[in-house]
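Notes follow once the structure below has been shown.
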Amino acid sequence: MLEALEQIRAAEEANKEAYQKLQQEMKRYAEQKTHELEKIQSDNRQQLARMIEEKDQFELQELNAEKESLEAEAKKVRETLKEQYKKHQSQAIDAIIERVKETYGRH
């Protein structure tokens, strides 16, 4: 009977040790998975930051292209207005000279 109790006690000790080892393995596994999750989250944050930066660069390029286009268009409009001004200025001067000649006579 004493021998049976001794075997039971040894079995309980073995079970206790196996349980502790299993707990340690589970703890290591949980730590490993936590570390893997943190790495995945970090990688995702870096990828998101890169994507945002690429999007910002793309939008900046788009804005610069639009700015250049608008500047070119504004330059054309200014040149057209300048030409029209010169044309109308000459016509206005000629008209004024003609009126002066008509009013005060041709001398």
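When a residue number appears, it is its place in the shown sequence, counting from 1.
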Take Lys67 and Leu70, measure what side chain to side chain contact (heavy atoms under 4.5 Å, CB included) needs, and give me the verdict at the end. CA-CA 5 Å; Lys67 177 184 173 189; Leu70 289 173; 5.8 Å; no

Between Gln32 and Glu36, does a side chain to side chain donor-acceptor pair (under 3.5 Å) hold up when you go through it step by step? CA-CA 6 Å; Gln32 177 187 357; Glu36 289 175 10; 3.2 Å; yes

Rounding to 0.5 Å, atoms NZ (Lys86) and CG (Leu81) come to a distance of 12.5 Å

Report yes if the side chains of Lys75 and Glu79 come closer than 4.5 Å at any heavy-atom pair, otherwise no. yes

Do Asn64 and Gln61 have side chains that approach each other closer than 4.5 Å (heavy atoms only, starting at C-beta)? no

With side chain to side chain contact (heavy atoms under 4.5 Å, CB included) as the criterion, how do Glu98 and Glu102 come out once you've worked through the C-alpha distance, each side chain's angles and the decisive distance to 0.1 Å? CA-CA 6 Å; Glu98 206 48 48; Glu102 289 174 6; 4.0 Å; yes

To the nearest 0.5 angstrom, please state how far the CD atom of Gln24 sits from the OH atom of Tyr19. 11.5 Å

Inter-residue atom distance Leu37.CG - Gln41.CD, 0.5 Å rounding: 4.0 Å

Hey, what do you get for CD (Glu3) to CD1 (Ile8), rounding to the nearest 0.5 Å? 11.5 Å

Within a reach of under 6.0 Å around CD of Glu71, are more than 12 heavy atoms found that belong to other residues, nucleotides or ligands? yes

For Ala30, is there any backbone N or O sitting under 3.5 Å from a side-chain donor or acceptor partner on Thr34? yes

With heavy-atom distances below 4.5 Å as the criterion, would you say the side chains of Glu83 and Lys87 are in contact? no

Is there a path of hydrophobic side-chain contacts, each under 4.5 Å between heavy atoms of I/L/V/M/F/W/Y residues, joining Val77 to Tyr85? no

Is the shortest side-chain heavy-atom distance between Leu48 and Asn44 below 4.5 Å? no

Crowded around Gln89 CD? As in, over 12 foreign heavy atoms under 6.0 Å? yes

Side-chain (Ser42) to main-chain (Glu38) donor-acceptor, under 3.5 angstrom: no

Find the distance between CD (Gln20) and NZ (Lys16) and round it off to the nearest 0.5 Å. 6.0 Å

Given salt bridge (Lys or Arg N to Asp or Glu O under 4.0 Å), test Glu59 with Lys55 step by step and report yes or no. CA-CA 6 Å; Glu59 288 177 352; Lys55 181 179 180 262; 3.0 Å; yes

Answer yes when Glu6 and Arg9 have at least one side-chain N-carboxylate O distance shorter than 4.0 Å, and no when they do not. yes

Can Arg50 and Gln46 be said to form a side chain to side chain contact (heavy atoms under 4.5 Å, CB included), step by step? CA-CA 6 Å; Arg50 277 193 305 272; Gln46 290 174 355; 4.0 Å; yes

Show, in sequence, the C-alpha distance, side-chain angles and deciding distance for Gln23 and Lys27, and conclude whether the side chain to side chain contact (heavy atoms under 4.5 Å, CB included) test is met. CA-CA 6 Å; Gln23 288 291 88; Lys27 183 178 177 183; over 6 Å; no

When rounded to the nearest 0.5 angstrom, what is the spacing between CG in Asp56 and CG in Leu63? 10.5 Å

